[in-house]
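Reviewing the structure listed below.
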Amino acid sequence: SIHHNAPTPGASVLPGPEVFVQTGSAESQRLGGVIWEHLRARLAVFDVAWSAAPDAGVLLVQNTDGDDAYGMIRRPVVPAVLAELAYLSNPAEAELLATDAYVAVAGAAMADAIDTYLSDPDAKGDGYGNPPRVFDPQRAPGTNDCEDVL
């Protein structure tokens, strides 16, 4: 599942993609690492004021019960990942996301990563090492807290 992230974290000299993977799935984690490695390398060609969370990389996001927080990660019975490529809420990245060049580079990075994952069982990727994030839906902001920017 391909997404673009928000809210904007701190500034970074490199892109800050986050790839969320399935708890207990070595193949999901391997796919996530390959995707993260390809995204980080390819997006770095753009001269942009990037944003990145301090723990950007390949991550588990679990609910307070220890299950994967996101249904698109939790429900599939095949290896799945959720890739957050860039930050819509960062004006510099938002401007970049609207360009044909970004779409071509991001699309090629994703396609090449999937090809690498499928064709090279030894490809492990990179971006690992962060502790799981915990998402408590009871502490999430409500819809009344969101500002419509359009």
Side-chain angles (χ1 to χ4, degrees), residues 1-23 25 27-62 68-76 78-135 137 139-150:
S1 183
I2 301 171
H3 297 242
H4 289 102
N5 218 341
T8 307
S12 176
V13 296
L14 293 172
E18 297 174 350
V19 182
F20 304 118
V21 297
Q22 295 165 309
T23 300
S25 171
E27 285 302 300
S28 172
Q29 292 174 22
R30 185 172 80 82
L31 174 60
V34 172
I35 288 174
W36 186 85
E37 182 177 63
H38 280 255
L39 283 173
R40 184 88 179 248
R42 294 281 186 84
L43 295 178
V45 303
F46 295 107
D47 185 19
V48 172
W50 293 104
S51 297
D55 64 348
V58 179
L59 299 155
L60 298 172
V61 178
Q62 299 171 331
D68 291 316
Y70 302 130
M72 62 195 66
I73 299 293
R74 184 178 62 252
R75 292 186 185 109
V78 297
V81 302
L82 187 163
E84 299 274 6
L85 279 59
Y87 285 87
L88 284 169
S89 53
N90 173 357
E93 290 179 60
E95 187 175 307
L96 175 64
L97 298 177
T99 67
D100 291 340
Y102 168 81
V103 172
V105 168
M110 292 297 295
D112 289 347
I114 292 167
D115 183 57
T116 298
Y117 169 79
L118 293 172
S119 65
D120 183 358
D122 295 325
K124 302 293 185 221
D126 204 356
Y128 305 103
N130 296 307
R133 290 182 186 168
V134 176
F135 175 72
R139 297 187 62 204
T143 56
N144 293 333
D145 295 334
C146 296
E147 179 181 335
D148 187 355
V149 296
L150 297 179

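- Residues satisfying the ring-ring contact (aromatic ring centres under 6.0 Å, His included) test with Tyr117, not counting sequence neighbours, are none.
- Minimum interatomic distance between Pro131 and Leu59 (heavy atoms only, all atoms of both residues): O-CD2, 4.3 Å.
- Judged as a ring-ring contact (aromatic ring centres under 6.0 Å, His included), and not counting sequence neighbours, Phe46 has no contacts.
- Scored by the side-chain contact (heavy atoms from CB on, under 4.5 Å) test, Ala53 finds Pro9, Glu18, Asp55, Tyr87, Arg133 as partners (sequence neighbours excluded).
- Shortest non-hydrogen contact noted between Pro132 and Gln62 is CB-OE1, 3.7 Å.
- With sequence neighbours left out, the side chain to side chain donor-acceptor pair (under 3.5 Å) criterion links Gln29 to no other residue.
- Listed by first and then second residue, the side chain to side chain donor-acceptor pair (under 3.5 Å) pairs that reach into residues 39-50 are Arg42-Asp112, sequence neighbours excluded.
- Under the rule for a side-chain contact (heavy atoms from CB on, under 4.5 Å), the partners of Pro76 that lie at least two apart in sequence or sit in another chain are Gln22, Val78, Ala80.
- Applying the side-chain contact (heavy atoms from CB on, under 4.5 Å) test to Ala44 and every residue at least two apart in sequence or in another chain returns Leu14, Pro15.
- Of all heavy-atom pairs between Gly16 and Ala56, the closest is O-CB, 4.0 Å.
- Of all heavy-atom pairs between Val21 and Asp68, the closest is O-OD1, 3.8 Å.
- The two atoms that bring Ala69 and Phe135 nearest to each other are CB-CB, 3.9 Å, heavy atoms only.
- Every residue two or more places apart in sequence or in another chain that forms a side-chain contact (heavy atoms from CB on, under 4.5 Å) with Ile35 is listed here: Val19, Leu31, Leu39, Val81, Ala83, Met110, Ala113.
- With sequence neighbours excluded, the residues forming a ring-ring contact (aromatic ring centres under 6.0 Å, His included) with Phe20 are Tyr70, listed by chain and number.
- Nearest heavy-atom pair across Pro79 and Glu27 is CG-CB, 3.6 Å.
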Could you tabulate the donor-acceptor pairs under 3.5 Å formed by side-chain atoms of residues 95-102, not counting sequence neighbours?
from	atom 1	to	atom 2	distance (Å)
Thr99	OG1	Leu96	O	2.7
Thr99	OG1	Tyr102	N	3.1
Tyr102	OH	His4	NE2	2.8

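- Remark: Glu93 pairs with no residue by the salt bridge (Lys or Arg N to Asp or Glu O under 4.0 Å) rule, at least two apart or across chains.
- Counting only residues at least two apart or in different chains, salt bridge (Lys or Arg N to Asp or Glu O under 4.0 Å) contacts with residues 119-130 are absent.
- For the atom pair Asn90 CG and Asn5 CG, the distance stands at 11.0 Å (nearest 0.5 Å).
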